[in-house]
Novice: 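Sharing a structure with you now.
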Amino acid sequence: MSKSQGHQTGEMHFSYEMLEFRPEWQFDDSDSGVYYHSAVIPGKLFYTSLGGDVQLQAAQKGIPYIERVFAEGFFNDRDYIRIADYSGVSKATINSRLLYAKTLNRLNAKYNCNPVVTYICGASQMLKAMLRIFSNVVNQHFVFVDSVEEAFGLINKQIPEPTPPEKEDLVITRKEIEDFAAMCGNLLFNEQGDKGSDEDVIPPDHPLIELYRIVVLLRNDLVELRDKEKKQSERTEKALEDAHRLNERLAEEKSNVEEKEKIQQDLIENLKKARVEAESANKAKSEFLANISHEVRTPLHAVIGMTELLLETKLDKDQRYYTDTLYSSSRMLLLLINDILDFSRIEAGRIDEEKKEFNLRQLFHDIVDVMKERASYKGLVLSGSLDQGVPSSLLGYPGYMKQILLNLIQNAIKFTYRGEVLVTASLVSDSPKEVILRISVKDTGIGIPEDQQHQIFQPFTQIDSSSTRKEGGTGLGLAIVRKLVDFMGGEIQLESSEKEGSTFSFTVTFEKVERSAMEVAEDDAGMDPGRKNGAVSETIVNKQQVLVVEDNTINQKVAQAMLEKMGYEIDIAFNGAEAVEALQRKEYGLVLMDLQMPIMDGYEATKTIRNSGQVLNSDIPIVAMTANATKEDRQQCIDAGMNDYIPKPVERKVMKEKMERWLPL
Ligand code: ADP
């Protein structure tokens with residue numbers, strides 16, 4: 001059946017008895033006494049009877065019962081008649097009324113049905129007024145009746161709704177108005193207003209009773225609003241209080257944080273101070289060590305030199321054994337002192353090598369050459385290999401590279417008893433300006449237990465093992481290696497497993513060197529500084545007279561003994577001034593010049609020899625003997641006009657090399 005305009009009952013007769021009440025539609029709230037009773041005449045009529053003090057909570061509970069009625073589909077796509085009996089309602093809040101109205105609208109829309117006429121029983125005047133306005137808006141027709149029977153009577157007779165009663169003339173006395181005003185005031189503004197006495201003010205049949213009901217409704221709404229407002233302001237107050245407390249706590253926290261920050265700041269300051277102190281103490285220690293080792297080298301120089309000489313004399317078996325021990329012990333002591341000197345120099349920040357061009361291939365070759373003997377003595381194979389792509393000319397620190405590799409190879413040979421030691425350089429990356437190389441020293445030795453691997457780079461640390469005890473050492477080698485690798489911008493790494501071997505490796509970036517054709521040609525010609533100096537080559541004559549300029553008598557004796565043993569004749573000068581004098585009197589083939597001397601030091605003496613025109617041969621080769629062969633010292637020697645230098649303590653082998661170079665016999 002499609003929707004029809006207007007409502008028509010046709011021949012049908014409707015009565016209350018025809019209403020079907022299903023239990024599942026009946027809502028009775030035992031808590032509040034609120035009820036929504038619903039019934040239908042299927043397809044025709046929807047009936048509800050509401051009652052009690054309808055607060056929102058109860059109204060919400062009742063809604064599903066009404067929904068169930070519509071869900072049966074009685075009114076789908078239809079017009080229907082509605083009877084709503086409000087006579088049981090004692091109070092209804094605005095919200096519960098709204099909820100009810102909205103629910104009905106929603107259901108009508110959902111099931112596409114339309115209540116063409118709604119008969120309303122027991123509505124208050126105000127409700128009536130509101131519904132009238134509402135009916136215009138929703139285009140619905142409301143008929144207000146006194147009872148349900150009247151509603152049915154009207155439906156059956158299809159008589160038009162009764163026209164509102166003619167406006168009656170009501171006679172209201174001044175007293176009544178005053179009483180009414182008092183009642184309204186009482187109701188509206190006195191929450192504890194006694195309802196009973198209010199009712200007494202006006203008799204029940206008085207025409208003002210409707211107004212009274214309206215005021216009661218307004219009062220209820222007002223009370224509800226006030227309650228809400230009170231609760232809201234309580235909540236606001238509490239929130240404010242909470243915020244206030246939170247604020248106080250925040251302020252407290254902030255001052256705590258500030259205090260903590262201050263303590264932290266103080267701590268940092270103290271730490272900084274401590275660090276500066278520690279650093280300067282460390283530097284002082286390193287300087288002290290550097291100086292003391294320097295001082296120790298002079299007498300040690302004598303011990304080694306003399307022992308070497310002693311070993312070349314005729315000795316019986318016992319004497320040779322004692323002298324051998326003396327020699328190897330003093331050599332060990334020298335190694336130790338050299339290590340300490342190196343380490344403390346590095347610690348004191350005295351890293352003085354400057355970047356220069358060098359040939360890594362040549363460096364590898366030289367080192368492997370030097371160490372080969374030691375390796376084969378232990379039955380080990382020592383080999384070196386470089387990737388094809390490694391450029392031969394690089395810019396870096398060849399001295400430090402040498403020191404690092406020597407240390408690592410020495411250790412590898414020391415702690416390997418069979419197998420091999422392999423030194424490699426491989427290309428990690430190559431760009432027009434620079435190369436990154438990975439350099440490693442790999443052995444098949446005893447290996448290093450994992451838990452001790454991180455310690456061995458610490459100064460004076462050795463693995464506690466019988467091998468270490470047997471092999472000796474200072475525990476400084478790797479500390480030096482690490483510092484030098486750090487200095488070059490790399491990082492030393494160790495991979496090792498016990499009984500299998502160790503690999504020490506590091507990555508360094510080297511700048512490439514652009515070489516001119518001339519430089520390459522010069523290099524190929526194999527020029528060295530000696531040959532560049534034409535004057536020097538002239539002095540290589542049969543002169544075997546050597547002038548030793550040295551203030552320390554032990555050193556004098558060592559030099560004298562060594563040189564005489566080699567077949568030179570020597571004179572001694574105690575300082576630079578004596579040396580100049582001697583060179584004025586006699587022509588020598590070579591001067592061995594100490595640097596630090598009283599009256600006139602080695603630099604000044606050299607300058608005088610070269611420039612004063614006072615000596616017989618101002619071009620005589622001068623070889624410095626220096627204990628502290630730093631870059632500055634060497635440069636100073638060259639600047640002063642010296643040709644070469646021998647590091648102190650002077651070793652026989654080195655002395656022999658230098659003598660053969662500058663004054664061959
Ligand atoms: P040392 O002068 O004692 O060799 P290092 O600092 O060079 O001092 O080495 C520290 C310790 O690390 C050594 O004593 C040894 O115990 C261990 N070590 C170093 N290199 C190796 C290696 N290639 N194989 C096994 N152990 C090694």
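When reading the values below, keep in mind they use all heavy atoms of this one structure, side chains included, and skip hydrogens, waters and symmetry mates. Ligands are counted one by one from 1 in listed order, and the atoms in each one are counted from 1 as well.
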Novice: Does a side chain donor of either Ser440 or Thr424 reach within less than 3.5 Å of an acceptor in the other side chain?
Specialist: yes
Novice: Please state which part of Leu476 comes within less than 4.0 Å of ligand 1, counting heavy atoms only: side chain, backbone, both or neither.
Specialist: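 Answer for Leu476: backbone.
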Novice: For Tyr397, run the ring-ring contact (aromatic ring centres under 6.0 Å, His included) check against Phe487, Phe358, Phe510 and tell me which one passes.
Specialist: Phe487
Novice: Could you tell me whether Gln493 atom CD has more than 12 heavy atoms of other residues or ligands within 6.0 Å of it?
Specialist: yes
Novice: Using a 4.0 Å heavy-atom threshold (strictly under), name the region of Leu478 that reaches ligand 1: side chain, backbone, both or neither.
Specialist: both
Novice: Indicate yes or no: does Asp324 engage Arg320 in a salt bridge with an N to O separation below 4.0 Å.
Specialist: no
Novice: If you measure from atom 20 (N) of ligand 1 to every heavy atom of Val481, Asn411, Val421, which option wins on shortest distance?
Specialist: Asn411
Novice: Can you name the atoms of ligand 1, numbered from 1 with element, that are less than 4.0 Å from a heavy atom of Lys414?
Specialist: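 Taking each heavy atom of Lys414 in turn, ligand 1 has 1 (P), 2 (O), 4 (O) under 4.0 Å.
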Novice: Which one holds for Phe504 and ligand 1: side chain close, backbone close, both close, or neither close, with close meaning a heavy atom under 4.0 Å?
Specialist: side chain
Novice: Considering only heavy atoms of Gly477, which atoms of ligand 1 have at least one such atom less than 4.0 Å away?
Specialist: 5 (P), 6 (O), 7 (O), 8 (O)
Novice: Compute the minimum heavy-atom distance from Ser502 to ligand 1 and say whether it is under 4.0 Å.
Specialist: yes
Novice: To the nearest 0.5 angstrom, please state how far the OG atom of Ser502 sits from the CD atom of Glu500.
Specialist: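 It comes to 10.0 Å.
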Novice: Considering all heavy atoms of both residues, which atom of Leu595 and which atom of Ala624 are nearest to each other, and what is their separation?
Specialist: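 Nearest heavy atoms, Leu595 then Ala624: CD2-CB, 4.1 Å.
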Novice: Return yes when Gln410 approaches ligand 1 closer than 4.0 angstrom through a heavy atom, no otherwise.
Specialist: no
